[in-house]
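Proteins come first, then strands; the chains are lettered A, B, ... in the order of their sequence lines, and each starts at number 1.
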Amino acid sequence: MDRDERGVAVAAVRPDDAASAVTALYAEHALGLTRLALVMTGDRHTAQDIVQEAFCGLHRRWHALRDPAKALTYVRSAVLNGCRSEFRRTKSGLGPPGTGDYEAHLPPAWSAESAGLAIAERREVLAALLRLPARQREALLLRYYLDLSEADTASAMHISKGTAKSTVARGLTALRALLSEEP
Amino acid sequence: MMSRTAQRLRDTATAIGETIRDVPDLRLPEPRTAYADARRPRVQRLVPLLAAATVLVLIGSLLALRHELRGEPASPRASKHTVSIGVVEGTPTFLVTAQDARGYIRGTFAGHVRWKIRPPVPGFAIEGLATTGDDYAPANIYLAGEVFRPAGARLEFYRVTLGNNQRPGPSRRVPGPAVAMAGSVTSDGLVNIPVAVSGGGTELAFVPTSPELIGAASRPPMLTIRNVRTGASRSWLLPPSPDTQISEVSWGSGGQLCLTATIGNATVSNGVVRRHAGTEVSVIMMLNTKAGGTSLLADSRLISYGEMSMRSGAASGAKGPVAAVVADGGRRIVAQLNEVPKLAELAVIAVATGQVIKVLLRGPRAAQAMPMAADGDNVLFTLSPKHEHRSGHYVCGHLADAQPSQRDVFGLPFPVYCSTEAPPPPFQATW
């Protein structure tokens with residue numbers, strides 16, 4: 001079984017069998033990526049759609065992939081791009097974060113599908129997260145939700161390791177300030 | 001060590017993420033092109049085999065072409081009629097749907113709502129849809145619907161241009177007079193008004209005499225074409241009869257306007273529809289939109305038909321074409337054909353000859369296979385479920401994508417609901 005740059009198994013990646021390789025990769029990582037997309041977009045169906053499209057894109061470009069072990073990195077980046085587009089799209093019609101208009105349009109998954117989110121603590125964290133710039137939000141989620149290393153966070157975001165590190169640090173500081181925490 | 005802020009972030013994200021316990025199966029595109037540059041050496045080793053295969057394919061294509069030129073079906077019975085779950089390359093990534101008089105832009109892969117289409121004016125009930133453009137070109141959606149005005153119900157048309165990410169822009173009213181409805185109560189999205197837009201997006205064809213519309217019974221069945229820039233209109237009429245109705249219109253990219261209709265007190269003789277008491281015909285016709293008359297029968301060419309007695313028709317089900325759309329640049333029509341008893345087909349008909357050249361689907365799953373729209377080689381239609389349900393509210397079909405050139409049928413994640421308790425509003429879709 002091949003392994004990606006972190007040594008994580010990426011299933012039976014056979015260059016001559018794109019469909020089975022992509023399907024195996026999907027079976028192993030789709031749930032995690034869909035959860036990430038849900039956190040970033042707030043809508044279950046949109047998250048599923050983004051992940052499906054990311055894997056379809058991987059399948060289309062499989063033969064152009066120089067290193068099949070990087071497939072997971074590729075699909076992770078595609079999911080991030082999809083979430084970014086979706087967030088831009090849905091946010092554009094709303095008022096600024098923090099206003100009543102914005103809160104009223106918080107995606108339903110967060111209120112309807114998770115009773116636990118009624119807890120004020122999580123709503124507060126989520127609202128703060130949504131107010132961060134997109135890059136900082138992505139970096140924080142990759143680093144602290146997906147538990148990626150700085151190197152993996154950097155490659156998923158197509159930035160250098162140093163930039164990833166500083167983006168995470170700045171994001172954390174901004175989040176802390178929004179949550180009115182003591183440093 | 002993780003800071004408190006990071007820990008709170010992780011807890012929140014984990015709580016949200018865990019609301020998803022599973023994911024749907026992956027819908028991979030079916031490969032169309034098997035060879036890329038990186039694989040050329042292997043291809044070169046297979047040159048002799050490829051050459052032999054090419055010769056066989058050429059022979060097969062020539063035989064099929066000969067059949068088609070002669071107007072003979074190219075072994076339609078040989079198709080497998082299988083339905084796959086998946087979306088192939090080239091399938092439009094979004095479609096436009098209307099239900100409960102409201103419109104939506106939805107993703108094809110998972111079926112989720114991307115955008116809601118705002119009613120152009122308060123109280124506007126969407127009852128007909130047509131689109132131009134595709135995934136890669138600016139698309140216009142045409143909405144047909146009823147509005148309640150002080151003078152009574154009016155049928156009006158609006159154009160919505162899609163922007164980035166298919167976001168609906170503001171609605172603009174299509175010039176031309178509103179069509180007055182005889183009654184004063186809107187039907188609120190419970191009827192289906194056939195609408196089609198020409199390939200160039202300059203003309204709109206619609207049927208203002210849907211039998212469900214209030215007051216429509218008192219009017220002869222009519223097809224109207226309206227210029228969307230000037231509002232100038234022309235209309236063609238069918239002979240009046242309580243059993244006559246135009247059920248679908250479809251405009252091919254090559255300019256061919258196809259209509260499906262049931263004509264009461266009529267028969268077909270020598271390829272021409274004539275008056276005849278006691279029988280009715282279901283027809284697919286192509287209208288010559290440049291013709292100068294007002295008779296739909298005189299200005300149209302008959303493509304396909306089925307005839308039945310008006311006494312037995314209701315009991316034994318419709319015979320002949322039920323719905324049809326133009327595909328493949330106007331050279332072919334994809335139609336739902338019903339034969340008595342209980343045999344339904346989704347078939348491809350050659351426009352030049354009127355012959356069935358392919359059967360995409362046959363049997364129970366084709367029982368409600370009503371084609372709704374065509375975009376390139378993708379025909380959107382409703383696919384009957386595998387098992388019948390007979391009571392309550394139930395899923396009576398799914399949207400599906402048929403590809404006439406490939407003989408492929410793919411189910412899409414859009415359930416269609418029926419009910420034995422109260423008729424649900426019609427589900428309309430186009431791409």
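Across A/L141, A/V168, A/L179, A/L36, the residue that shares the most heavy-atom pairs under 4.5 angstrom with chain B is A/L179.
For A/V22, the parts sitting under 4.5 Å from any heavy atom of chain B are the backbone and the side chain alike. Using a 4.5 Å cut-off between heavy atoms, A/L129 touches chain B through its side chain atoms alone.
Atom-to-atom distance recorded for B/L26:CG and A/H59:NE2 is 8.5 Å, nearest 0.5 angstrom. In this structure, B/T108 OG1 and A/E53 CD are separated by 8.5 Å, a value rounded to the nearest 0.5 Å.
In this view, B/P24 and A/Y26, A/Q48, A/Q52 satisfy the side-chain contact (heavy atoms from CB on, under 4.5 Å) rule, not counting sequence neighbours. In this structure, the side-chain hydrogen bond (donor to acceptor under 3.5 Å, both in side chains) partners of A/S160, at least two apart in sequence or on a different chain, are A/T163.
Side-chain atoms of A/L175 and B/R8, non-hydrogen and from C-beta on, never get closer than 4.5 Å to each other.
The two residues B/S3 and A/L172 have their closest heavy-atom pair at OG-CD2, 3.8 Å. Closest heavy-atom contact between B/G17 and A/Y145: CA-OH, 3.6 Å.
Within a 6.0 Å radius of CZ in A/R135, other residues, nucleotides and ligands contribute more than 12 heavy atoms. Heavy-atom contacts from other residues, nucleotides or ligands closer than 6.0 Å to CZ of B/R173 number more than 12.
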- Message: Run the side chain to side chain contact (heavy atoms under 4.5 Å, CB included) test on A/D49 and B/R114 for me, step by step, so that the C-alpha distance in whole Å, both residues' side-chain angles and the decisive distance to 0.1 Å come before the verdict.
- Response: CA-CA 10 Å; A/D49 212 33; B/R114 289 186 181 179; 4.1 Å; yes
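Side chain of A/R35 to main chain of B/T14: no donor-acceptor pair is present (N/O by atom type, distance under 3.5 Å, no hydrogens or angles).
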